[in-house]
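Sequence lines set the chain letters: A, B, ... in the order given, protein chains first and strands last, and positions in each chain run from 1.
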Number of protein chains: 2
Amino acid sequence: MKENHAITIRDIAKKAGVSQATISKILNDYPDVSQKTKERVFRIMEEAGYRPSHSARTLAQKTSKLIGVVYAGRINADFDHPFFIEVLNAFKRTIGMHGYDLLFFSDETFQKEENFYARCLYYKVDGCIIIAGEDVQQSIEDLTKSEIPCIGVDIQLDGPKSGYVMTDNKKISQSVVDYFYLQGHRDIAYIGGANESAVSNIRLKGFRESIHEYGLTLRPEWVIEGDFFEQSGYEAGLSLFKGNAQKPTAVFSSSDLMAFGFMRAMQELGVSIPGDVSLVGCDDQLAARYVQPPLTTVRQNKEKIGRLAALMLLDFIAGRASTARILVEPELIGRETTASLLL
Amino acid sequence: MKENHAITIRDIAKKAGVSQATISKILNDYPDVSQKTKERVFRIMEEAGYRPSHSARTLAQKTSKLIGVVYAGRINADFDHPFFIEVLNAFKRTIGMHGYDLLFFSDETFQKEENFYARCLYYKVDGCIIIAGEDVQQSIEDLTKSEIPCIGVDIQLDGPKSGYVMTDNKKISQSVVDYFYLQGHRDIAYIGGANESAVSNIRLKGFRESIHEYGLTLRPEWVIEGDFFEQSGYEAGLSLFKGNAQKPTAVFSSSDLMAFGFMRAMQELGVSIPGDVSLVGCDDQLAARYVQPPLTTVRQNKEKIGRLAALMLLDFIAGRASTARILVEPELIGRETTASLLL
DNA sequence: CTGAAAGCGCTTACAG
DNA sequence: CTGAAAGCGCTTACAG
């Protein structure tokens with residue numbers, strides 16, 4: 001019972017009077033070990049307080065049962081992005097059921113030139129989940145092009161063993177335009193997210209297309225570029241409603257935060273929501289339920305995205321699939337910032 | 001350049017015409033290697049695309065440069081608890097600057113009887129951060145009592161190499177009672193969190209003590225037990241304001257979510273906030289700024305808690321300290337759900 | 001400043 | 001059903 005030397009498979013083998021190989025087989029659920037030996041060995045391991053070693057196992061097996069979590073891109077790049085969190089949460093649960101743990105790579109910025117691919121090799125991760133922020137850096141390129149299975153969330157990966165899952169962002173805009181149209185709105189403005197964001201650009205494109213499909217015209221000054229945060233929505237509101245120019249009757253803000261800012265601007269200007277202008281946000285953050293009036297918004301199915309990401313990655317790892325591109329349906333949540341013009 | 005066999009230290013040694021030991025020393029920044037050799041070796045590693053192996057290194061060194069993240073307890077036990085996220089975020093940044101990566105243990109529930117301590121030994125983590133939820137399970141006991149350095153957040157750990165950092169929860173209640181008192185409130189009610197939560201109990205105790213210190217009386221029916229979530233705040237509001245019993249002029253809700261629920265109840269009952277009753281929440285969630293009226297609440301310094309946790313854990317690991325108990329000051333954020341009775 | 005050798009704790013063919 | 005032996009890729013005294 002000397003404590004300075006970890007108890008190894010060797011010690012157990014000796015005590016049980018069998019070979020190391022047998023112990024290893026028992027540990028790895030090989031079928032060809034007699035039940036009797038198995039039970040004896042388990043008892044001995046228990047008594048001795050045996051603990052296997054991940055590093056020894058990984059070194060020998062060349063697989064770590066670890067999934068790397070990579071957050072690509074700038075800003076929001078932290079854990080506190082609510083979308084990121086919820087997706088990852090569902091991902092973790094699913095992947096955990098299959099015996100994998102999650103390895104978070106600390107921000108590269110603090111490391112000397114190391115790239116993600118190198119770190120994946122270093123840890124021998126079995127796969128990676130890559131979640132996109134804005135302005136995705138070049139350094140993840142190596143990773144996605146490699147033989148390491150990768151699943152992207154909100155980022156279109158296409159390497160030999162990678163795929164992605166994201167909300168159908170085009171449909172987000174379409175559903176909002178549909179919704180507004182059915183309420184009688186014809187003058188619809190758009191407040192966009194940061195244009196380094198791929199997702200943001202898809203939404204804008206979808207918006208333009210929908211407007212066209214309905215044969216509506218889109219004034220250039222009704223497409224405003226924000227940055228997803230509150231202040232930019234406030235400023236967008238001012239620029240849309242302050243002057244004497246024609247005003248839209250409906251506004252789609254591609255984030256809830258910007259919608260909150262827009263509401264603040266309207267309040268200052270004495271413009272009533274939804275009396276004078278209807279507003280739809282995007283994200284369905286908790287606060288969307290509590291603003292006054294409660295915000296109509298579009299919700300992404302984060303739980304589903306996370307679960308799908310996990311399942312797809314597991315398929316890549318198992319070789320059951322080598323690629324997949326999945327779009328998940330968004331859902332419009334009607335609340336009280338929108339009103340029909342048709343009554 | 002055969003791709004099926006990883007390039008090892010051996011290959012590099014051979015190409016450079018030196019021993020493996022020398023390569024290892026270079027990799028580990030030993031001082032006693034000639035600059036010339038160093039440069040040559042680095043060039044060769046670069047050309048060959050050499051990648052070190054974490055498992056081999058960990059096996060030999062018995063230290064992994066990994067920090068385990070353990071979420072103890074039930075519910076909220078997920079990533080989406082906003083407090084958890086922000087603390088962890090600051091923690092990760094700090095720890096990352098010191099070359100550590102984070103290992104998240106997938107929920108035990110899905111594993112067969114494995115406890116956290118076993119997993120820490122398995123991965124040979126250098127330390128752990130343990131974040132408390134409610135109803136902390138026995139299984140982390142082994143871990144905190146062990147020789148593995150542990151830092152607790154919102155949970156009082158005391159093992160040979162552990163400590164904790166949390167907000168001074170007693171002071172949260174004190175500061176709220178002070179604030180109410182100075183505004184002229186004498187009839188103050190309290191909506192508590194789940195009573196399996198240690199933090200929640202400290203807050204309640206602090207509340208009772210403060211009330212006593214001011215010589216005020218606390219009616220038993222003015223202390224209501226909630227569960228931190230919205231609905232329980234709503235119900236607390238109803239039970240406080242529906243009957244004919246005497247009503248408090250001020251309410252401290254120990255979570256923002258419950259405060260939102262309370263506001264909903266008041267709205268239904270036609271009770272004005274802050275006209276008829278003042279309200280203070282706790283957490284300063286994003287939504288607190290957007291409810292109508294904006295919620296006065298108490299903010300924890302999550303950034304500081306996370307940074308301190310990281311620094312303390314690093315000290316434990318380095319042997320510069322073996323224990324520490326730190327309480328961080330809360331901050332009351334005055335907004336518009338509170339009004340003075342003295343004017 | 002450099003190297004030979006043993007060892008870290010497992011797994012994997014292979015033989016029996 | 002079981003075992004002997006080599007190997008995974010590094011580090012660590014120790015000797016020179």
Side-chain angles (χ1 to χ4, degrees), chain A residues 2-42 44-45 48-66 118-124 126, chain B residues 2-42 44-45 48-66 118-124 126:
Chain A
K2 41 179 178 175
E3 270 300 346
N4 49 343
H5 230 246
I7 297 135
T8 73
I9 228 178
R10 245 177 104 106
D11 304 321
I12 304 298
K14 220 168 280 171
K15 289 190 199 190
V18 296
S19 72
Q20 287 181 227
T22 301
I23 307 292
S24 175
K25 279 166 195 162
I26 291 174
L27 247 21
N28 291 288
D29 273 334
Y30 276 54
D32 58 346
V33 179
S34 75
Q35 193 57 29
K36 246 178 70 184
T37 317
K38 236 183 222 170
E39 277 165 17
R40 188 158 42 92
V41 167
F42 274 130
I44 292 175
M45 292 199 302
Y50 167 74
R51 309 290 185 186
S53 156
H54 176 257
S55 52
R57 166 186 272 253
T58 300
L59 184 58
Q61 272 187 160
K62 294 158 174 304
T63 162
S64 65
K65 283 285 187 175
L66 245 28
R119 308 178 81 183
C120 285
L121 293 178
Y122 177 55
Y123 285 111
K124 277 188 188 54
D126 291 345
Chain B
K2 44 179 176 173
E3 271 301 347
N4 49 343
H5 231 247
I7 298 134
T8 73
I9 228 179
R10 247 177 103 104
D11 304 321
I12 304 298
K14 220 168 277 169
K15 289 190 198 187
V18 296
S19 73
Q20 286 182 226
T22 300
I23 307 292
S24 175
K25 280 166 194 163
I26 291 173
L27 247 22
N28 290 288
D29 273 334
Y30 276 54
D32 58 346
V33 179
S34 77
Q35 193 56 31
K36 246 178 70 184
T37 318
K38 236 183 223 172
E39 277 165 15
R40 188 157 43 92
V41 167
F42 275 131
I44 292 176
M45 291 199 304
Y50 168 74
R51 308 291 185 185
S53 156
H54 176 256
S55 51
R57 165 186 272 254
T58 299
L59 185 57
Q61 273 188 158
K62 295 159 174 306
T63 162
S64 65
K65 281 283 186 178
L66 245 28
R119 308 178 83 182
C120 285
L121 293 177
Y122 177 54
Y123 285 111
K124 277 188 190 51
D126 291 345

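Atom C1' of nucleotide C:dG9 and atom CG of A:Asp11 are separated by 10 Å, given to the nearest angstrom. In this entry the distance linking CD1 of B:Ile23 with P of C:dC1 reads 16 Å, nearest Å. Nucleotide C:dG3 holds its P atom 15 Å from the CD1 atom of B:Ile12, rounded to whole Å. Taking atom OH of B:Tyr50 as the reference point, atom P of D:dG9 lies 10 Å away to the nearest angstrom. When rounded to the nearest whole Å, the span between CD1 of B:Ile7 and P of D:dC8 equals 14 Å. B:Arg10 has its CZ atom 15 Å from the P atom of C:dG3, to the nearest Å. The CD-C1' distance, from B:Gln20 to C:dC8, rounds to 14 Å in whole Å. Distance B:His54 NE2 to C:dC8 C1': 14 Å, rounded to the nearest Å.
Distance check, rounded to the nearest 0.5 Å: OH of B:Tyr30 to OG of B:Ser24 gives 6.5 Å.
Set against D:dA4, C:dC10, D:dC10, the side chain of A:Thr8 has C:dC10 as its closest nucleotide. Minimum atom distance to the side chain of B:Lys62 is reached by C:dC8, of the listed C:dC10, C:dC8, D:dC1. When each of D:dT11, D:dG3, C:dG9 is scored by its nearest atom to the side-chain atoms of A:Thr22, the top-ranked nucleotide is D:dG3. For A:Ala60, taking side-chain heavy atoms from C-beta onward, the closest of the listed nucleotides D:dT11, D:dG3, C:dG9 is C:dG9. Comparing C:dC10, D:dT12, D:dC10 by their closest approach to the side chain of B:Gln61 singles out D:dT12.
When both pairing distances are held under 3.5 Å, D:dA4 makes no Watson-Crick or G-U pair with any nucleotide shown. Pair check for D:dA13 finds none; no Watson-Crick or G-U wobble contact set falls under 3.5 Å.
Close to C:dG9, at under 4.0 Å from its OP1 or OP2, lies no side-chain N or O of A:Arg57.
B:Thr22 and B:Ser19 share a donor-acceptor pair across their side chains, judged by distance under 3.5 Å alone. Between the side chains of A:Ser55 and A:Thr58, not a single donor N or O lies within less than 3.5 Å of an accepting N or O.
Contact check for B:Tyr50 versus B:Leu27: side-chain heavy atoms found under the 4.5 Å cut-off. Two residues are said to be in side-chain contact when any heavy atoms from C-beta on lie closer than 4.5 Å; B:Ser64 and B:His54 meet this criterion.
Along DNA chain D, the nucleotide nearest B:Leu59 and the nucleotide nearest B:Tyr30 are compared for position; the residue whose nucleotide lies closer to the 5' end is B:Leu59. Along DNA chain C, the nucleotide nearest B:Ser34 and the nucleotide nearest A:Lys25 are compared for position; the residue whose nucleotide lies closer to the 5' end is B:Ser34. Along DNA chain C, the nucleotide nearest B:Gly17 and the nucleotide nearest A:Ser53 are compared for position; the residue whose nucleotide lies closer to the 5' end is B:Gly17. For the pair B:Ser55 and B:Ala21, both in contact range of DNA chain D, the more 5′-proximal nearest nucleotide belongs to B:Ser55.
On a pure distance criterion of 3.5 Å, no polar donor-acceptor pair joins the side chain of A:Lys124 and the base of D:dG9.
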| CA sep, side-chain torsions, deciding dist, call: B:Leu66, B:Asp126, side chain to side chain contact (heavy atoms under 4.5 Å, CB included) | CA-CA 6 Å; B:Leu66 245 28; B:Asp126 291 345; over 6 Å; no
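Within 4.0 Å (heavy atoms only), A:Thr37 reaches sugar-phosphate atoms of the nucleic acid but no base atom.
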